[in-house]
Amino acid sequence: MPPDLNSEFAPDLTALDYQPRTRVVFGVNSIERVGELAKSLGARRVLLVTDRGIVAAGHAGRVRALLVAAGLQVTCFEQVQENPTTQCVERCVEVARGAAIDAIIGLGGGSSMDTAKGCNFILTNGGQMKDYWGIGRATRPMLPLLAIPTTGGTGSECQSFALITDEQTHQKMACGDPKAAARIALLDPALTLSQPARVTACSGIDALAHALETLVTRRRTPLSLIFSREAFRLAIAGLPRVLASPADLEARGWMLLGAAWAGTAIENSMLGAAHSAANPLTAHFGVVHGEAVGMMLPHVVRLNARDPVAARAYAEVACAAQLAQPSEAPESAAEHLAEHLESLLQLAGLPRTLDHCGAKPEDVPRLADEAARQWTAQFNPQSVTASDFERLYAAALTPA
Ligand SMILES: [Zn+2]
């Protein structure tokens, strides 16, 4: 579709002050550069934060060996858990304190990178995770962080937020500070080949959701749209290919880069109602984040398409990906996009309806109430109240 310079998405005179916080290094086998890149941050003694799956895949040992070969001392914390809790972060801090480290490397999925960021907050600024819940609460400098994602998913490597769950209340706390952002994101598609199929599916859908939610939020800007559009372009083409051919290195690269640009878009535009609706499903039914987001996303696209500006944004990317025709009404193009998302969920082997996770109609009011109180809900293009979320959950509850 030719660019429409008269649309709301055209470059305008909105003031801009953009300082990327994260250097992005991308390339097959770029992991070989980890020692040189860590040293460029002034590192001599690093903490490598990762999980057992990454150790078992051989990545942690390889990264450690590369760092040692570059003359660095390495201490490892390998006990990262999925959806890291305050307790997980505290254990990581204990290991870091004993090693007098001067840099942190997060290696793995979003959980490893979030734990690394959480550890950085407490190690350098003291206190507890809840002290950093919100934005910009760290007053002292933080250690340089190098983030190495092994999934094409969260985009945490390009964000200044750590998502840490309170061990006691189970509340997911978004702790953000510009200083917490990784100084370098090292993106090597070869590292993502080891992802289990389910992780590929969940993290890939999540990356796609990040591209689509950031595309339409109230906070979107001409700048954030650059990243949302490019993230969508890469992920919409890459996801079916990595699902069908896990060894497809080119498509793995698209997903990894797409996820990083989607993370950059979040940093500049925030998220929307699919993430608000997903969090209560994770909290109450233990649904994996990407799976929960995936179930809600097509319904949120349909809801948001009632907003003419959002509908045009969806139509633009749907046409660019040849999911719709430029001659179609934007609402119709958005419906094609929602249908395509449903077909991708099917291809990924992910559930499309909430009954799969055990949710029942009587759970809807409580879920909707919690979703409406999520931070991300306020950035959705359409105002979403608890009764809107009730309708969203009801639509997602059972097969159409
Ligand atoms: Zn997400």
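Worth knowing before you read on, the calculation uses all heavy atoms, side chains too, and leaves out hydrogens, waters and symmetry mates.
Checking Lys172 against Thr282 by side-chain atom types alone, no donor-acceptor pair falls below 3.5 Å. No side-chain N or O of Thr150 forms a donor-acceptor pair with one of His59 less than 3.5 Å apart. For the residue pair Asn279/His275, the side-chain donor-acceptor check at 3.5 Å is not satisfied. At a cut-off of 3.5 Å, with distance as the only test, no side-chain donor of Thr85 or Arg91 sits close to an acceptor on the other residue. For the residue pair Ser224/Thr214, the side-chain donor-acceptor check at 3.5 Å is not satisfied. No side-chain N or O of His356 forms a donor-acceptor pair with one of Glu291 less than 3.5 Å apart. Looking at His289 and Asp206, their side chains do bring a donor and an acceptor atom within 3.5 Å of each other. A donor-acceptor contact closer than 3.5 angstrom is absent between the side chains of Thr221 and Asn268.
Ser228 approaches Leu215 most closely through the heavy-atom pair OG-N, 3.6 Å. In plain terms, the two heavy atoms of Ala334 and Val301 that are nearest each other are O-CG1, 3.8 Å. The shortest heavy-atom contact between Leu187 and Pro189 is O-CD, 3.7 Å. Minimum interatomic distance between Pro246 and Arg252 (heavy atoms only, all atoms of both residues): O-NE, 2.9 Å. When all heavy atoms of Ala147 and Glu157 are compared, the closest pair comes out as CB-CB, 3.6 Å. Nearest heavy atom pair, residue Ala305 against residue Glu331, reads O-CG, 4.0 Å.
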Exercise. In sequence, state the C-alpha distance, the side-chain angles, and the governing distance for Met129 and Ile122, and then conclude on side chain to side chain contact (heavy atoms under 4.5 Å, CB included).
Key: CA-CA 7 Å; Met129 266 337 290; Ile122 294 180; 3.8 Å; yes
Quiz item: Given the rule in the side chain to side chain contact (heavy atoms under 4.5 Å, CB included) test, do Leu350 and Arg198 qualify, once you have shown the distances and angles that lead to the verdict?
Solution: CA-CA 8 Å; Leu350 294 176; Arg198 202 177 134 68; 3.9 Å; yes
Practice problem: Could you check Gln81 against Ser111 for side-chain hydrogen bond (donor to acceptor under 3.5 Å, both in side chains), going step by step and ending with a plain yes or no? | Solution: CA-CA 7 Å; Gln81 62 191 70; Ser111 300; over 6 Å; no
Exercise. Start with the C-alpha gap between Met255 and Leu239, add the side-chain angles, then the distance that decides, and say whether side chain to side chain contact (heavy atoms under 4.5 Å, CB included) holds.
Key: CA-CA 7 Å; Met255 292 308 295; Leu239 187 54; 4.1 Å; yes
Exercise. Show the numbers, then the answer: is there a side chain to side chain contact (heavy atoms under 4.5 Å, CB included) between Arg52 and Gln79?
Key: CA-CA 6 Å; Arg52 290 202 184 91; Gln79 274 82 51; 3.4 Å; yes
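Around CZ of Arg219, the count of heavy atoms belonging to other residues, nucleotides or ligands within 6.0 Å does not exceed 12. Summarising the local packing, CD of Gln322 is surrounded by 12 or fewer heavy atoms from other residues, nucleotides or ligands at distances under 6.0 Å. More than 12 non-hydrogen atoms from other residues, nucleotides or ligands lie less than 6.0 angstrom from CD of Glu167.
Taken to the nearest 0.5 Å, the CZ atom of Phe26 stands 5.0 Å off from the CG atom of Leu257. Going from atom OG1 of Thr115 over to atom CZ of Phe77 covers 7.0 Å, rounded to the nearest 0.5 Å. Between the CD1 atom in Ile135 and the CH2 atom in Trp375 there is a gap of 4.0 Å [rounded to 0.5 Å]. Distance check: Glu342 CD to Leu297 CG gives 9.5 Å after rounding to the nearest 0.5 Å. The OG atom of Ser203 lies 11.5 Å from the CG atom of Leu208; values are rounded to the nearest 0.5 Å. The CG atom of Leu337 sits 11.5 Å away from atom OG of Ser332, with the distance rounded to the nearest 0.5 Å.
In this structure, the side chain of Glu328 engages the main chain of Gln325 through a donor-acceptor pair within 3.5 Å. For the pair Thr50 (side chain) and Leu107 (backbone), a donor-acceptor distance under 3.5 Å is present. Between the Arg21 side chain and the Ala182 main chain, no donor and acceptor come within less than 3.5 Å of each other. Judged purely by atom type and a 3.5 angstrom limit, Asn380 has no side-chain atom pairing as donor or acceptor with the backbone of Ala377. A donor-acceptor distance shorter than 3.5 angstrom exists from the side chain of Asn125 to the backbone of Thr139, with no hydrogens or angles considered. In this structure a side-chain-to-backbone donor-acceptor pair under 3.5 Å is missing from Asp307 to Asn304. Here the side chain of Glu370 pairs no donor or acceptor atom with the backbone of Leu367 at under 3.5 angstrom. Under the 3.5 Å distance criterion, the side-chain polar atoms of Lys117 are matched with a main-chain donor or acceptor of Gln159. With hydrogens and angles ignored, the 3.5 Å screen pairs a side-chain donor or acceptor of Asp102 with a backbone N or O of Arg44. No donor-acceptor pair under 3.5 Å is formed between the side chain of Asp166 and the backbone N or O of Gln171.
Under the 4.5 Å side-chain contact rule for hydrophobic residues, Ile104 and Val25 do not share a cluster. Put simply, Leu249 and Trp254 are part of two different groups of oily side chains (I, L, V, M, F, W, Y) that touch within less than 4.5 Å, one to the next. Residues Leu72 and Leu47 do not share a hydrophobic cluster, clusters being chains of Ile/Leu/Val/Met/Phe/Trp/Tyr side chains in contact below 4.5 Å. Taken together through direct or relayed side-chain contacts under 4.5 Å among Ile, Leu, Val, Met, Phe, Trp and Tyr, Val28 and Ile31 form parts of separate hydrophobic clusters. Tracing side-chain contacts under 4.5 Å through hydrophobic residues (I, L, V, M, F, W, Y), one never reaches Phe389 starting from Leu271; they form parts of separate clusters.
Looking only at side-chain heavy atoms (C-beta outward), Arg62 and Leu191 come within less than 4.5 Å of each other. The closest side-chain heavy-atom distance from Val300 to Glu213 is below 4.5 Å. Residues Arg241 and Glu250 meet the side-chain proximity criterion, which asks for heavy atoms closer than 4.5 Å. In this structure, Leu212 and Val317 have side chains that are in contact, with non-hydrogen atoms separated by less than 4.5 Å. Met296 places a side-chain heavy atom less than 4.5 Å from the side chain of Tyr393. Contact check for Thr22 versus Ile184: no side-chain heavy atoms found under the 4.5 Å cut-off. Side-chain contact between Val93 and Arg97 is present, with at least one heavy-atom pair separated by less than 4.5 Å. A 4.5 Å side-chain heavy-atom check between Arg312 and Val309 finds at least one atom pair inside the cut-off.
Between Ser156 and the choices Leu163, Asp114, Thr151, the side-chain contact (heavy atoms from CB on, under 4.5 Å) rule is met once, by Asp114.
Asp369 and Arg373 are joined by a salt bridge, as a carboxylate oxygen and a charged side-chain nitrogen come within less than 4.0 angstrom of each other. Using a 4.0 Å cut-off between charged side-chain N and carboxylate O, Arg391 and Asp388 make a salt bridge.
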